[in-house]
2 protein chains.
Amino acid sequence: MAERISDAEHAVMEVLWKRAPLTATEVADQVVREKDWSLQTVKTLLSRLAAKAVVGTERDGRRFLYSPLVERDDYLTGVSRNFVDRLFGGKVTPLVAHLAEADELSADDIREIEELLRELKK
Amino acid sequence: MAERISDAEHAVMEVLWKRAPLTATEVADQVVREKDWSLQTVKTLLSRLAAKAVVGTERDGRRFLYSPLVERDDYLTGVSRNFVDRLFGGKVTPLVAHLAEADELSADDIREIEELLRELKK
DNA sequence: CGTCAGTGACTACATGTGTAGTTTCAATGA
DNA sequence: TCATTGAAACTACACATGTAGTCACTGACG
């Protein structure tokens, strides 16, 4: 059901999530700022995403306009759940604990997260 | 540098992280409780992991004993960092915020994490 | 001493992924 | 009108991955 999005495809999606619809060339222009890919590569990725119905296409004269069909939030939720399930037994606490232990959490991060959690409890 | 571990390979690693060294057959016995794979499949995965120097082999008569060469914690740290970088711009707070919004955090989870953070600040 | 079971080594093969090149077709400008 | 250009479609190809099958060897058992 949940269509798989590969790493390279994900880079393309990020561009479309920022702004859409876009033509292939416009997408490539954006993507190239990050990744050193050719226009053809980006087009291939767009085709694959379209084939999987992860992006939609709309004819605009001689070219196509591409738009995401999957919400970024939904994608993140799916991937995050999968991640936490596979690596941390589905529990978020061990993930946070691990990040903390690995010094991936700054004091600021900790304050931010505490703030966020306080909000949530309301 | 950081050798890539695929999903299937990860399942094998989890067994070895729990107990090692083990023979291929012992690993397979454990893995099969989770995944419906044949002995051959597990052996292939072990070979690939050995080829990547993610597990080490030690001759024991006619067979091999396999042990992880990578710490589970180090692996988790690498994968987590990569995950947070790619999907949340390297910041943990948005990840937690997202999980919360997606209702992946129970009230208990929140309490646990708050507790954990309090500990950290000491 | 010969046979068998267990083991690693090698081979296989479809599908996914990263990364493009080539072809074709249609619109556009001279 | 005809060549040029830009876009999509099709083709390519090596390496990774999931998932095994087959082969050859060796020690143990009868």
Side-chain angles (χ1 to χ4, degrees), chain A residues 1-16 20-67 75 78-79 82-83 86, chain B residues 1-16 20-67 75 78-79 82-83 86:
Chain A
M1 232 128 288
E3 289 302 351
R4 172 94 201 125
I5 296 177
S6 79
D7 278 15
E9 287 164 358
H10 175 237
V12 169
M13 289 306 289
E14 285 295 344
V15 168
L16 286 175
L22 293 179
T23 67
T25 308
E26 287 167 339
V27 173
D29 283 350
Q30 294 302 309
V31 169
V32 163
R33 290 169 201 273
E34 292 285 317
K35 314 281 183 166
D36 193 23
W37 294 340
S38 83
L39 172 63
Q40 297 313 319
T41 298
V42 175
K43 283 187 178 181
T44 298
L45 294 172
L46 280 170
S47 299
R48 289 179 183 171
L49 287 166
K52 285 190 283 203
V54 173
V55 309
T57 58
E58 178 195 352
R59 188 138 230 145
D60 171 41
R62 72 198 126 163
R63 60 240 175 100
F64 280 112
L65 294 178
Y66 297 88
S67 319
Y75 171 72
V79 177
N82 191 286
F83 177 78
R86 279 199 340 109
Chain B
M1 228 127 286
E3 291 300 349
R4 174 89 201 130
I5 296 178
S6 79
D7 278 15
E9 288 164 358
H10 175 238
V12 170
M13 290 305 288
E14 284 296 342
V15 169
L16 286 175
L22 292 179
T23 68
T25 308
E26 287 167 339
V27 172
D29 282 350
Q30 294 302 310
V31 169
V32 162
R33 291 169 200 274
E34 292 285 317
K35 312 280 184 171
D36 192 24
W37 293 341
S38 83
L39 171 64
Q40 297 313 321
T41 298
V42 175
K43 284 185 176 181
T44 298
L45 294 172
L46 279 170
S47 299
R48 287 180 184 171
L49 288 166
K52 284 189 284 203
V54 172
V55 307
T57 58
E58 177 196 352
R59 190 140 228 144
D60 171 41
R62 71 194 128 168
R63 62 239 174 99
F64 279 112
L65 293 178
Y66 297 88
S67 320
Y75 172 72
V79 176
N82 191 286
F83 177 78
R86 280 200 337 111

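The figures that follow rest on heavy atoms only: side chains count, while hydrogens, waters and symmetry mates do not.
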Of all pairs that satisfy side-chain hydrogen bond (donor to acceptor under 3.5 Å, both in side chains), the ones with a partner from residues 35-47 of chain A, not counting sequence neighbours: A/S38-A/T41
Looking at CG of A/L16 and CG of A/L49, how far apart are the two atoms once the value is rounded to the nearest 0.5 Å? 8.0 Å
Please identify the 5'-most and 3'-most nucleotides of DNA chain C with any atom under 4.0 angstrom from a heavy atom of chain B. C/dT7 to C/dA12
In this structure, how many angstroms lie between the P atom of D/dG18 and the CH2 atom of B/W37, rounded? 7 Å
Base, sugar-phosphate alone, or nothing: which one does A/T41 contact when heavy atoms must sit under 4.0 Å apart? base
Nearest-Å distance for atom pair CG/C1', residues B/D7 and D/dT17: 10 Å
Quick one: label A/D36 by what it contacts on the DNA or RNA (base, sugar-phosphate, nothing), any heavy atom closer than 4.0 Å. sugar-phosphate
Roughly how many Å is it from CG in B/L49 to P in D/dT17, rounded to a whole number? 10 Å
Qualifying side-chain hydrogen bond (donor to acceptor under 3.5 Å, both in side chains) pairs with a residue from residues 48-67 of chain A, counting only residues at least two apart or across chains: A/E9-A/K52
Taken to the nearest 0.5 Å, the spacing of A/D7 CG from A/L45 CG works out to 11.0 Å
Could you write nucleotides 2-13 of chain D as a row of B, S and -, 5' to 3', where a protein heavy atom under 4.0 Å of any base atom gives B, of only sugar-phosphate atoms gives S, and otherwise -? -----SBB--B-
Does the side chain of A/V15 come within less than 4.5 Å of A/E26's, by heavy atoms? no
Looking only at non-hydrogen atoms, find the nearest pair between B/A11 and B/V31 and report the distance. O-CG2, 4.3 Å
Taking only residues two or more places apart in sequence or in another chain, which ones pass ring pair (Phe, Tyr, Trp, His ring centres under 6.0 Å) with A/Y75? A/H10, A/W17
Can you name the nearest heavy-atom pair linking A/A28 to A/L39, along with the distance? CB-CD1, 3.5 Å
